[in-house]
Visitor: 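Below: one structure in structure tokens.
Everything quoted here is computed from the prediction, not taken from an experiment. Numbers here are sequence positions counted from 1.
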Amino acid sequence: MDVTMLCRMRGVSVIEDCAQAIGTTINGLQVGTLGDAAAFSLHPLKTLGNFGDGGVLITINPKIAEYAKLARNHGLQTRNESVLFGMNSRLDTLQAVVLNIKTQLPRSVVATSQRNFSFL
């Protein structure tokens with residue numbers, strides 16, 4: 001029995017830490033698809049790095065998605081009503097453009113990263 005199955009049996013959400021794992025598979029499945037949500041880092045030193053800090057959260061769980069939408073924008077449910085503590089954590093336009101281009105070729109980005117760090 002793996003951790004995901006154990007958590008599911010107990011009603012615990014599984015959030016994958018995929019900071020360095022873009023393009024990776026486990027038993028033929030893409031990382032980020034095994035749990036209820038997954039977090040990917042866009043830090044400049046990570047596999048899909050950008051010019052500054054950032055990250056991506058993916059999920060198919062509606063409760064996690066709703067919480068993330070609120071938390072990313074100061075917890076605002078409406079323009080004047082904050083329902084939870086949050087922060088403004090959006091990428092600026094330049095970083096978004098760079099990442100949009102880089103995500104079109106994820107296999108080549110991973111291959112380049114692996115080649116660059118193969119000496120370690």
Visitor: Ile60: what forms a side-chain contact (heavy atoms from CB on, under 4.5 Å) with it, not counting sequence neighbours?
Guide: none

Visitor: Who passes side-chain contact (heavy atoms from CB on, under 4.5 Å) against Ser41, sequence neighbours left out?
Guide: Ala19, His43, Lys46

Visitor: Can you give the donor-acceptor pairs under 3.5 Å from side chains of residues 76-86 to other protein atoms, not counting sequence neighbours?
Guide:
unit_1 : atom_1 : unit_2 : atom_2 : d
Thr78  : OG1    : Glu81  : N      : 3.2
Ser82  : OG     : His74  : O      : 3.1
Ser82  : OG     : Leu84  : O      : 3.2

Visitor: Can you list every pair that meets salt bridge (charged side-chain N to carboxylate O under 4.0 Å, His left out) and has a residue in residues 16-25, with sequence neighbours left out?
Guide: none

Visitor: Using the rule that two of Ile, Leu, Val, Met, Phe, Trp, Tyr join whenever any of their side-chain heavy atoms come within less than 4.5 Å, decide whether Ile58 and Leu42 are in one cluster.
Guide: yes

Visitor: Could you identify which residues cluster with Val14, counting Ile, Leu, Val, Met, Phe, Trp and Tyr as linked when any side-chain heavy atoms lie under 4.5 Å apart, either directly or through a chain of such contacts?
Guide: none

Visitor: For Arg8, check salt bridge (Lys or Arg N to Asp or Glu O under 4.0 Å) against everything at least two apart and list the hits.
Guide: Asp36

Visitor: Which pairs, with at least one residue in residues 24-34 and sequence neighbours excluded, count as a salt bridge (charged side-chain N to carboxylate O under 4.0 Å, His left out)?
Guide: none

Visitor: Could I get the full list of side-chain hydrogen bond (donor to acceptor under 3.5 Å, both in side chains) partners for Asn61, not counting sequence neighbours?
Guide: none

Visitor: Using 0.5 Å steps for rounding, measure from the OG1 atom of Thr4 to the CG atom of Asp2.
Guide: 4.5 Å

Visitor: Just jot down the side-chain hydrogen bond (donor to acceptor under 3.5 Å, both in side chains) partners of Glu66, sequence neighbours excluded, or say none.
Guide: none

Visitor: Which atoms form the tightest heavy-atom contact between Gly32 and Ala38, and what is the distance?
Guide: CA-CB, 3.4 Å

Visitor: For Asn100, give me all partners under side-chain hydrogen bond (donor to acceptor under 3.5 Å, both in side chains), at least two apart in sequence or on another chain.
Guide: none

Visitor: Leu57: which residues meet the side-chain contact (heavy atoms from CB on, under 4.5 Å) condition with it, sequence neighbours left out?
Guide: Ala37, Ile64, Ala68

